[in-house]
Amino acid sequence: LYLHLIQHTLCVGIALALAGCQSDSSPISNSSSTPSNGTVIGASQASPASCDASSRPEPGIQGRVPLTDRQSGRSQQGYTCNMQLLGQYQGEGTTWVNPSYADCAYMGTTFTGIPLKKSQGVQVVNARDPSNPVLSANLTSPAFLLSTWESLKVNEKRGLLAGVAVGPIVAAGFFDVYDISKDCSKPVLQNALAGNLTLPVNVIGHEGAWSPDGNTYWATGLNPGSVTAIDVKDPKNPRLLFTSILSPNNHGFELSEDGNRMYLTTTSPGGVIILDTSAVQSRKTLPMITQVGSVTWEDGDTSQHTIPVTYNGKPYLLAVDEGGAGASRFIDISDEKKPRVVSKVKLAIHSPENADLRAADTAGNGLFGYEAHYCGFDRKVNPTALACGYFQSGVRVFDVRDPLSPKEIAYYNPPAQVGKASQLQGSEHAASVAGMNANLTTDWCSSPPRFVGTDQLWVSCQDNGFMTLKFTNLTFPLPPLQ
Amino acid sequence: MDNSRGNKAKPSLKKAFSLFLVLVLGVTAGAGTVLVLIWTDSGLIEKNIPGLGLIQKPSEVDIGFVQSMSQHHDQAITMAQIAEHKGGSWVKQFARGIVLKQLAEMGMIAGWLGVWKAPMLPADNTMSWLEKGENRNAPIDALYLQQCRATPGLMPGMFTIEQMNDLRALEGDAFDQRFLQMMIEHHQGGIPMAQFALNNAESYLVKSMANSILREQSIEIGVMSKMKNGLADQVQSSRGF
């Protein structure tokens, strides 16, 4: 008994002593953490939009679809503010992340819906007439058939579309790349099955993104935090450059314009780690990735993805959380060893005092509440507008000419598709385990919106599919700040 | 230390006081050996528990070694996962053992680094932590240090992109032979790193892992060498030599 007591006391003593070692002043840590109270120098919330007369606005709190509207059927008419629907291709719904490029959109569909879907793989939508988008092809190569989840991404510079097989949540084995540069409505598979079916053997995929030059496609694996780089200089013969577990967990990311930095999100705690990827970018014979800095926060979690932008040469990241009412936030990365959260693009419904309302409204409508998921800027140098998709708050647009003071200017929360689950087998919300037999009293808008021309926003939501939206009330484009 | 006072304490108080003392000393202990006070029937005695260096703040060698070994393991696991997919039955089984063992060690490393609030990745890829080893001038460690200095950014035992992709492209016996040869060389690069940590690390946890890697990988080299020769014999006999 005495020995047990000694053993127990030693264990407690060791545990306490380890806790005592956790000093932020450690010379080996480059990480910085935002204060736990979440204080920032800029805004903590985006001011709400002022809607024109033709709008059908939300009834109360910014971003909220009240339980009464869900029960009465009002949410099935949707909510608009300074935006209108121009055209739509709904199909059987769509999955988490679906890009658009030139006049086309690419709608991934569910893994779990494969037995019942009529339209398999990635659906190619031709939107040359934005008021009448039409299905032009189905891409059913292995990765695209098995669902690309959050890995389906376009490289604008080279006109390439690629993704990895993700299946139910993570999977290994397939990477498909298509040329969309000549005719975006008729993608051409580059690495045909006979080429390298087994490439890459040990990639675990969940998220993905291109280096801006289009020569490297990166995939990450969620948990543990695997990172894989694939050389796509010759899209007909992709080859593996790097694969490693770099952190306990990870999620989405983007790379710097020169490809030498990866801004990688973490799921728990929410945050971003900055990695030096120059050894892969420059094709060192034995590439090793190192960590430059990191930042974490407590008022959001399951960070989803990042977008690097610059304002008058000063670099910032936008980081989006899909959990913990984190929404999105701007991070100053001028000192990349000590990144610092400077403002937050939260809605009123994300406030801590609205936690009970959030829980009551969204109960029975799947795994996700009013969280954000993917965003897009109108441009990456001196951006003026930011658009984000939210799981139950629709698609929302912000004036971000001053990153410290985001202001909402428009939103479109599409009509809820109550009762149509059986027709929406391509939608994760309607047909997968994440939906958990969702009541569909709102849509899930999880894809990155894209600004098109001077007055449109193209986006897909899981139940409503691909939509072209038009700004009203001269809301966009925004004039330069005085 | 006066240990005569302890005899007069009641058993329940003894336990409580013992707990208190161990906690206090556990937190405040400074060097690699921890002083623990234990109440026995003959009173309060002090006992040095060597090797409980995990209680102290990790050294740069402790952190640098596990970060670098994690990268080293990463490539071994990648190679072994390829072998799990493409190898012959014996190679597959052996590779599976490497995957399980090294993934477990990477998990331990990730846990320690998390507790130490250190990233899984080093801040540079030159293995600069070697320069912090107090015993780095011992012959065996000096040799490893010299090797690393001579090839900055190229950790001994690691293979290039081309070598890894060449391995992926092989099939059958040619794959097995190349895999075994590469894993032997990979281990031969990892062993002196573990030896360096054994001689220069501070943490008991880190030294213990280094010792374990040293032992396991030395044995595995022997096994792989036998497998390699055995495979060669089988290939020769199948060709009628």
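Here the structure is a predicted model, which means the values were calculated and not measured. To find a chain, count down the sequence lines: A is the first, B the second, and so on, and within it residues start at 1.
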| query | For B:Arg96, does the CZ atom sit with more than 12 other heavy atoms under 6.0 Å from it, leaving out its own atoms? | reply | no
Honestly, the part of B:Leu103 sitting under 4.5 Å from a heavy atom of chain A is side chain
A side-chain contact here means heavy atoms from C-beta on lying under 4.5 Å apart; do B:Met120 and A:Pro248 qualify? yes
Among residues 273-288 of chain A, residues within the sub-4.5 Å heavy-atom range of chain B, in order of number, are A:Leu275, A:Lys284, A:Thr285, A:Leu286, A:Pro287, A:Met288
Value for CD1 (B:Ile77) from OG (A:Ser226), rounded to nearest 0.5 Å, stands at 12.0 Å
The side chain to side chain donor-acceptor pair (under 3.5 Å) partners of A:Thr306 (sequence neighbours excluded) come to none
A:Asn249 meets the side-chain contact (heavy atoms from CB on, under 4.5 Å) criterion, sequence neighbours left out, with A:Asn223, A:Thr266, A:Thr267, A:Ser268
Let me check something: any side-chain donor-acceptor pairs from residues 185-194 of chain B under 3.5 Å, sequence neighbours excluded? List them with distances.
{"from": "B:Glu185", "atom 1": "OE2", "to": "B:Gln181", "atom 2": "NE2", "distance (Å)": "2.9"}
{"from": "B:His186", "atom 1": "NE2", "to": "B:His72", "atom 2": "O", "distance (Å)": "3.4"}
{"from": "B:His186", "atom 1": "NE2", "to": "B:Gln75", "atom 2": "OE1", "distance (Å)": "3.4"}
{"from": "B:His187", "atom 1": "ND1", "to": "B:Met183", "atom 2": "O", "distance (Å)": "3.4"}
{"from": "B:His187", "atom 1": "NE2", "to": "B:Glu220", "atom 2": "OE1", "distance (Å)": "2.6"}

Bottom line for B:Asn125: the part with an atom under 4.5 Å from chain A's heavy atoms is both
Bottom line for B:Met106: the part with an atom under 4.5 Å from chain A's heavy atoms is side chain
Quick one: does B:Met164's side chain get under 4.5 Å of A:Arg239's, heavy atoms only? no
Ranking A:Leu246, A:Asp231, A:Ile289 by heavy-atom pairs under 4.5 Å to chain B gives rank one to A:Leu246
Output for pair (A:Phe242 CZ, B:Thr78 OG1), nearest 0.5 Å, gives 8.5 Å
